[in-house]
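Only one structure is covered here, and it is reproduced in the block below.
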Amino acid sequence: MQQFNMNFLHKYSLTILFLTVIANGIKTDDIRNHLGTRTPYRFKYNKDDSKIKYGNCKEQKIWMLIRHGSRLPSAKDIVGAQTTLQDLKYEVLLQHNSGKGHLNSEQLKKLQHWTSDMPVEQEKYLTLEGQDEMILLAERIQKKFPSIVKQKYDNSTFQFRYTATQRTQQSARFFSLGLFDKKNAENVVFEPALKVDTTLRFYKHCERWQKQVKKNPHSYKEQRLYGISREMNETLEYVSKYLGLDRLLSLDTVTLMYRICGFETAWHKHSMSPWCYPFNNEGIKRMEYFYDLKHYWVDGYGNELTHRPACLLMKHMFHSISNKGRNATFLFAHSGTLLKILTYLQLYKPESHLRGDTIDHKRTWRASNIDCFASNLAFVLYKCKDGEKVLTLHQEKVIKLPLCENELCPVKTLKKFYENSLQNCNFSDMCNVT
């Protein structure tokens, strides 16, 4: 895996502008800020890793849900890159040799050297950047909460759990390397992955959700509508002309370009994928919205059934921060898990449903911000003079839950608010079709 990934690390020269962006932090109008669920975490994490303190309170426990780090594409996208995009590459180079298109000499050179040799059997594997994301995330969490997340491993105080996938298993492993030295990390006990995990991947095994939401064509109505909108057609025309083509690229081809643009940009710290070049600022935001519509209606607020089973995660959280639970719990899961619990918590809810007739620029539901690679959600228990309270962090940033008056929210308030949901949190009742 190490050797394979190094094939992707092309040594591209950096422009002064790019160095400036890296030094000062990525700009909001940079297209790398709009890559949806493939957005790299290095553009989104909280740069302030200082210890989080509250007067008259002392941190006691932490429960953290972490999406895996940057990964390789699915088998379908790997094949698409090696066939559709490989053919398109030669077509674009031929057109530019004839004086057509708008790629500059440096971009043409990078496209000419572009290749895709990802083994299909390694689909969705964690990349080197994904490993780094986990190590650095762990180091920052330890700095924020040193009295809970101690540098010496103890099986009685730490819990590590992941789903039955290579990307979450490896994410957990490299996260533990970030917490402990190598010798200590070798002693870490990871809970066995479950083939049917109704806590970390409840939606995969929820038959009713699979039938009524995931596999229901109606769930994709708004995304399809935006796919044939004037805005999207303008983007298809722009991309086709920018590449110098005499034909109009299909929506399938342009969305494939967008996905590979995201993946390759996530893997390479110091360069952008050549498949990002044809997108201008307006176009990349439209592609972002196209996928936000899908995640909103399938993984978010589009259907109440989607987030109801996330109560199983909340039950796990409440148990973990109780006296019976361990001091530090780290769970490694997926985009679908994170989006559904954010919805369950009523976070990033737009004023009205996202629609496909036109882009909603003011929406709070934006996967690039809330569900990039290595996205995470944490609950930290504090023991205060006036009782136990919970602090919530998303992407390592302190946030206030909508139901709470302050950032530090009384445990009693949380339990009372979710009492009905947790009492009726039966997987079979929620997910059986009959």
Side-chain angles (χ1 to χ4, degrees), residues 3-19 21 30-32 34-36 38 40 70 72-120 122-123 127 129 227 232-288 290-291:
Q3 184 180 0
F4 160 67
N5 277 311
M6 289 306 294
N7 292 333
F8 288 93
L9 302 179
H10 306 301
K11 294 181 179 178
Y12 295 150
S13 60
L14 300 176
T15 62
I16 295 175
L17 174 62
F18 183 70
L19 286 170
V21 170
D30 191 306
I31 70 169
R32 293 167 299 167
H34 301 282
L35 299 175
R38 289 160 291 278
S70 297
L72 297 183
S74 65
K76 181 180 178 182
D77 279 352
I78 290 175
V79 172
Q82 295 171 349
T83 54
T84 303
L85 295 190
Q86 190 69 35
D87 292 344
L88 182 59
K89 163 190 163 178
Y90 291 118
E91 184 181 356
V92 170
L93 293 174
L94 189 64
Q95 291 295 91
H96 277 75
N97 284 339
S98 303
K100 298 177 182 178
H102 301 280
L103 294 175
N104 61 38
S105 58
E106 183 66 19
Q107 291 173 336
L108 283 169
K109 183 180 178 183
K110 290 181 179 178
L111 181 62
Q112 189 173 13
H113 287 98
W114 178 86
T115 186
S116 179
D117 56 357
M118 297 173 281
V120 174
Q122 291 184 358
E123 65 161 337
T127 62
E129 175 63 13
M232 187 58 78
N233 278 311
E234 286 176 357
T235 294
L236 299 184
E237 289 175 9
Y238 179 91
V239 169
S240 303
K241 288 180 180 177
Y242 194 88
L243 293 175
L245 304 176
D246 297 323
R247 62 187 178 91
L248 184 68
L249 288 170
S250 68
L251 177 63
D252 284 346
T253 298
V254 175
T255 52
L256 174 62
M257 287 170 53
Y258 174 71
R259 293 194 299 275
I260 298 301
C261 157
F263 279 120
E264 293 185 344
T265 301
W267 307 334
H268 304 148
K269 275 189 174 74
H270 306 304
S271 64
M272 188 187 296
S273 168
W275 296 110
C276 299
Y277 298 153
F279 296 108
N280 60 5
N281 187 259
E282 202 169 46
I284 205 77
K285 289 179 179 178
R286 288 170 178 173
M287 300 308 297
E288 177 189 37
F290 179 73
Y291 281 97

Worked verdict on L88 versus L245 for side chain to side chain contact (heavy atoms under 4.5 Å, CB included): CA-CA 10 Å; L88 182 59; L245 304 176; 3.9 Å; yes
Within residues 84-104 or reaching into it, pairs that qualify as ring pair (Phe, Tyr, Trp, His ring centres under 6.0 Å) - sequence neighbours excluded: H102-Y242
[X] side chain near [Y] side chain, heavy-atom distance below 4.5 Å:
X	Y	value
I284	R32	no
L249	L236	no
W114	E264	yes
M287	H34	no
F263	T127	no
L72	E123	no
L103	P274	no
K285	I31	no

Pair N281-D30, side chain to side chain contact (heavy atoms under 4.5 Å, CB included): steps then yes or no: CA-CA 7 Å; N281 187 259; D30 191 306; over 6 Å; no
Distance from [X] atom [atom1] to [Y] atom [atom2], nearest 0.5 Å?
X	Y	atom1	atom2	result
H268	H270	NE2	NE2	11.0 Å
L93	Q95	CG	CD	10.5 Å
I78	S116	CD1	OG	7.0 Å
S273	L35	OG	CG	9.5 Å

Any residue meeting ring-ring contact (aromatic ring centres under 6.0 Å, His included) with Y258, in chain and number order, not counting sequence neighbours: Y291
Short side-chain donor-acceptor distance under 3.5 Å, T235 and R286: yes
Please give me the minimum heavy-atom distance between [X] and [Y], naming the atom from each residue.
X	Y	value
M257	V239	CE-CG1, 3.8 Å
E129	A266	CG-O, 3.1 Å
F290	G227	CE1-CA, 3.8 Å

Those residues that, when tested against D252, pass side-chain contact (heavy atoms from CB on, under 4.5 Å) (two or more places apart): S250
With E237 via side-chain contact (heavy atoms from CB on, under 4.5 Å) - residues at least two apart: L248
Working for side chain to side chain contact (heavy atoms under 4.5 Å, CB included), residues C276 and T265: CA-CA 8 Å; C276 299; T265 301; 3.4 Å; yes
Salt bridge (Lys or Arg N to Asp or Glu O under 4.0 Å) contacts touching residues 87-104 (sequence neighbours left out): E91-R247, K100-D246
Criterion side chain to side chain contact (heavy atoms under 4.5 Å, CB included) on Y277 and L243, from CA distance to verdict: CA-CA 9 Å; Y277 298 153; L243 293 175; over 6 Å; no
side-chain hydrogen bond (donor to acceptor under 3.5 Å, both in side chains) partners of residues 73-83, not counting sequence neighbours, each pair once: D77-R259
Test item: E288 side-chain N/O and G36 main-chain N/O as donor-acceptor pair under 3.5 Å: no
